[in-house]
Amino acid sequence: MENPGLVLHGQNAPFSTALRSLVNNPLYRCNYFQRLLGPGVPSPVVLSTVPAEAFLAVLEFLYTNSVKLHRHSVLEVLTAAVEYGLEELRELCLEFVVKVLDVELVCEALQAAVTFGLGPLQERCIAFIETHSQEALRTRGFLELSATALLPVLRSDKLCVDEAELVQAARSWARVGAAVLEQPVAEVAAPVVRELRLALLAPAELSALEEENRREPLIPVEQIVEAWKCHALRRGDAARGAPCRRRRGTVPRDHHRFLDLRFK
């Protein structure tokens, strides 16, 4: 059942100062609207990119210094707050997102964090995904992540998921992107597949992946060759570094004893 929402209040002193500045002042409290509605701007002004519910939340905050946020719309309000330069509303949205963060919301929140350069929120989302990896990978939000947002997920050593599952999740992600962008799966996947640690797969799994890759190209052939090289040499530089380092959720396999598997 949908959370009835939570009312968050801004700081009293800045709000009082802002209101006092409007006394006998023809300008607006929000600089964005001052520019948007200033002299010479044609009327009416259409804000087609902002959903009505999010815009009403912005107005509620501007007039009352408080806002009622809901988990289903908080990211839209956050987007509006960033666009309109309302830093305090942005912080209230971030506070609320952290409180309600769950498997269904986390990937959408991660995308917003990456899009707007919200470092602390990005770190919080990555940490959540690391703990709830399998569940997060099955959400629609995961499939809709941009390559830029997916990269820090795939680079994490702390994901609680086996590499075989991660490869299939990456394939599902690339298929969705290919359909939306009308591009080949391999082209969509190119920015992220290098982060898949194929050497962690057993020989039989790697052979099966190679066969699937022939039917539907996803991973560069050179990357698969590198994984086979790790299996063949079993020691030396080929068996060292990130491609051979296990994640928190990696299922043990016999050949792992030859690889650089120390987890930190």
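- In terms of heavy atoms, Leu69 sits closest to Leu92 at CD1-O, 3.9 Å.
- For the side chain to side chain donor-acceptor pair (under 3.5 Å) criterion with Asp157, the lone passing option out of Arg247, Arg246, Arg245 is Arg245.
- Ring-plane geometry between His231 and Trp228 is classed as tilted, the angle between the planes lying from 30 to 60 degrees on a 0 to 90 degree scale.
- A donor-acceptor pair shorter than 3.5 Å cannot be found between the side chains of Glu83 and Thr79.
- Between Leu78 atom CG and Leu89 atom CG the span is 8.0 Å, to the nearest 0.5 Å.
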Walk me through it: do Val50 and Tyr84 pass the test side chain to side chain contact (heavy atoms under 4.5 Å, CB included)? CA-CA 11 Å; Val50 181; Tyr84 298 158; 3.1 Å; yes

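- Looking at Thr148 and Ser146, their side chains never bring a donor and an acceptor atom within 3.5 Å of each other.
- Smallest separation of non-hydrogen atoms from Pro191 and Val188: CD-O, 3.1 Å.
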Contacts table for residues 136-143: side-chain donor-acceptor under 3.5 angstrom, sequence neighbours left out:
residue: Thr139; atom: OG1; partner: Ala136; partner atom: O; Å: 2.8
residue: Thr139; atom: OG1; partner: Phe142; partner atom: N; Å: 3.2

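- The two residues Ala149 and Leu110 make their nearest non-hydrogen contact at O-CD2, 3.7 Å.
- Considering CZ of Arg248 and CG of Leu159, their distance stands at 9.0 Å, rounded to 0.5 Å.
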Apply side chain to side chain contact (heavy atoms under 4.5 Å, CB included) to Val97 and Arg124, showing your working. CA-CA 10 Å; Val97 169; Arg124 190 68 175 259; over 6 Å; no

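- The two residues Ala57 and Val67 have their closest heavy-atom pair at O-CG2, 3.6 Å.
- Checking side-chain atoms of Glu163 against main-chain N and O of Leu201 turns up no donor-acceptor pair under 3.5 Å.
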Given the rule in the side chain to side chain contact (heavy atoms under 4.5 Å, CB included) test, do Cys160 and Gln134 qualify, once you have shown the distances and angles that lead to the verdict? CA-CA 7 Å; Cys160 291; Gln134 290 183 321; over 6 Å; no

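- Side-chain contact between Leu118 and Arg90 is present, with at least one heavy-atom pair separated by less than 4.5 Å.
- Side-chain N/O atoms of His72 and Glu53 include a donor and acceptor closer than 3.5 Å.
- Within the model, atoms CZ of Arg194 and CG of Leu154 stand 13.5 Å from one another, a figure rounded to the nearest 0.5 Å.
- Electrostatic pairing of Glu108 and Arg71 does not count as a salt bridge here, judged by no charged N lying under 4.0 Å from a carboxylate O.
- Leu59 is connected to Val77 through a chain of hydrophobic side-chain contacts under 4.5 Å among Ile, Leu, Val, Met, Phe, Trp and Tyr, so both are in one cluster.
- With sequence neighbours excluded, no residue satisfies salt bridge (charged side-chain N to carboxylate O under 4.0 Å, His left out) with Glu182.
- Across Gln122 and Ala113, no two heavy atoms sit closer than the pair N-CB, 3.5 Å.
- Pro252 and His256 get closest at one heavy-atom pair: CA-ND1, 3.7 Å.
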Evaluate the criterion side chain to side chain contact (heavy atoms under 4.5 Å, CB included) for residue pair Val153 and Val192; output intermediate values, then yes/no. CA-CA 10 Å; Val153 176; Val192 303; over 6 Å; no

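- Considering SG of Cys244 and NE2 of His255, their distance stands at 8.0 Å, rounded to 0.5 Å.
- For the pair Lys229 and Glu226, the salt-bridge criterion is not met [side-chain N within less than 4.0 Å of a carboxylate O].
- Cluster membership check: Leu200 does not share its hydrophobic cluster with Val225, using side-chain heavy-atom separations under 4.5 Å among Ile, Leu, Val, Met, Phe, Trp and Tyr.
- Side-chain atoms of Glu205 do not come within 3.5 Å of backbone N or O of Ala164 as any donor-acceptor pair.
- Interatomic distance, His132 NE2 to Leu101 CG, rounded to the nearest 0.5 Å: 9.0 Å.
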Sequence neighbours left out, cut at 3.5 Å: what donor-acceptor pairs do the side chains of residues 169-181 make with other protein atoms?
residue: Arg171; atom: NE; partner: Glu212; partner atom: OE2; Å: 3.3
residue: Arg171; atom: NH1; partner: Glu216; partner atom: O; Å: 3.0
residue: Arg171; atom: NH1; partner: Glu216; partner atom: OE1; Å: 2.8
residue: Ser172; atom: OG; partner: Gln168; partner atom: O; Å: 3.2
residue: Trp173; atom: NE1; partner: Leu145; partner atom: O; Å: 2.8
residue: Arg175; atom: NE; partner: Glu216; partner atom: OE1; Å: 3.1
residue: Arg175; atom: NE; partner: Glu216; partner atom: OE2; Å: 3.1
residue: Arg175; atom: NH2; partner: Glu216; partner atom: OE1; Å: 2.9

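- Linking Ile, Leu, Val, Met, Phe, Trp and Tyr whenever their side-chain heavy atoms come within less than 4.5 Å leaves Val251 and Leu166 in two separate clusters.
- Distance check: Leu209 CG to Leu196 CG gives 9.0 Å after rounding to the nearest 0.5 Å.
- Put simply, the side chain of Arg253 reaches to within 4.5 Å of the side chain of Asp162, judged on heavy atoms.
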